[in-house]
Amino acid sequence: MKDCIIIGGGPAGLTAAIYLTRFHLDVALFDNGSSRAALIPCTHNHAGYPGGISGRDLLARMGEQAQTFGLHRRPLTVTAIEQSGDAFTVHAGEERFETRTILLATGVVNNRPKMDDALHDAALAAGKLRYCPICDGYEVTDRRVGVIGTGQHGMKEALFLRGYTRDVTLIAPDAAHMLDPDCAAALDAAGVTRVDGPCGGYAIEGDRLAVDTASGRMAFDSVYPALGSHIRSELALAAGARGTDDGCIVTDEHQRTTLPGLYAAGDVVRGLDQISHAMGQAGVAATTIRNDLAERRPLRR
């Protein structure tokens, strides 16, 4: 019987692991290796790394730190969680694990534009394809930027990037733009160019990422897909925890879900999808788990 099983090996899960192991709790972390942070070629806005750090290097350092304090980590995909009294059973393939508490740090998956994986990864590594203007908008200052998206979501991302450069083009992903008059007026007022889709035929051409549109082939220094994301909250929702309308896990201010003993932190919870925010939530969640367990039974050395 573990004190806590953490599901997810991204910044939130690993931060919680560091806290919980240092609380002298018996903790396991199950990670299927799909953290979105691993896709970051180099982040320059994570405090403490003036020269930047890749997502993989950051995760490796955090994992090493947690294992220093005795974290039990396994490469497993969890398929279900079940509550039984004041404990849980965690299902991972044919294996079953018992735990007093669970922390879900399963994150989200970005919806990708229609391009093959090799091109996607090459463009991402080169900074020609970017997913987070909060993280790296600074890097496209005064550059030529394309945004693949439409509607409110596409408009907001294009306007956010307009704070970094005058040259922003919003491209509809499938056909004509779906913009209400207010969205269209806001884009026009900001000087954002609007181009209809469908878009496709992506290729790296020279030092730019090129794409076919209804107005012909266009090339950009960086392209931002504003296509939304899939929130990996299924485990919590299937177990009976409450979710928001858009699929995030509902938590209180201490990261407790509506299912006693189940906690959540990071991008799977509604909030700012940033490493720093996920780590802060994880610290809160881990401390809450420790204190909640202490109320159930005294923690002694």
task: Give a yes or no on this: more than 12 heavy atoms of other residues, nucleotides or ligands lie within 6.0 Å of atom CZ of R143.
output: no
- request: Going by the side chain to side chain contact (heavy atoms under 4.5 Å, CB included) test, name the single residue among I249, I102, L235 that passes it with L262.
  value: I102
query: Can you tell me if N32 and S34 form a side-chain donor-acceptor pair at under 3.5 Å?
result: yes
- prompt: Any Lys/Arg nitrogen of R297 or D86 sitting under 4.0 Å from an Asp/Glu carboxylate oxygen of the other?
  reply: no
field: Under-4.0 Å salt bridge between R232 and D267
entry: no
- request: Answer yes or no: does atom CD of E95 have more than 12 heavy-atom neighbours from other residues, nucleotides or ligands under 6.0 Å?
  value: yes
- prompt: Does R74 pair with D31 as a salt bridge, N-O distance under 4.0 Å?
  reply: no
- request: Could you verify whether a donor N or O on one side chain and an acceptor N or O on the other, from D136 and Y224, lie under 3.5 Å apart?
  value: yes
- request: For this output row, return yes or no: ring centroids of F97 and F88 closer than 6.0 angstrom.
  value: no
field: Other residues, nucleotides, ligands: >12 heavy atoms within 6.0 Å of R217 CZ
entry: yes
Flag if over 12 foreign heavy atoms under 6.0 Å of CZ, R166: no
query: What pairs with T193 under side chain to side chain contact (heavy atoms under 4.5 Å, CB included), at least two apart in sequence or on another chain?
result: T169, V195
- line: Contacts of H177 meeting ring-ring contact (aromatic ring centres under 6.0 Å, His included) (sequence neighbours excluded), chain-then-number -> none
message: Can you confirm whether D292 sits close enough to R256 that some side-chain heavy atom of one is under 4.5 Å from a side-chain heavy atom of the other?
response: yes
message: So, applying side chain to side chain donor-acceptor pair (under 3.5 Å) with T89, which one of R96, E98, E82 is it?
response: E98
message: Here's one to test your reading of the geometry: is the NZ or CZ of R22 within 45 degrees of the ring axis of F69 and under 6.0 Å from its centre?
response: yes
message: Is it true that N291 and T288 share a donor-acceptor pair across their side chains at a distance under 3.5 Å?
response: no
task: Tell me, please, which residues at least two apart from H46 pass ring-ring contact (aromatic ring centres under 6.0 Å, His included).
output: Y49
- prompt: Does atom OH of Y19 have more than 12 heavy-atom neighbours from other groups under 6.0 Å away?
  reply: no
field: Side-chain heavy atoms of L58 within contact of M62, under 4.5 Å
entry: yes
- prompt: Applying the side chain to side chain contact (heavy atoms under 4.5 Å, CB included) test to P225, which of L129, N111, N110 qualifies?
  reply: L129
query: Do E234 and V268 have side-chain heavy atoms sitting under 4.5 Å apart?
result: no
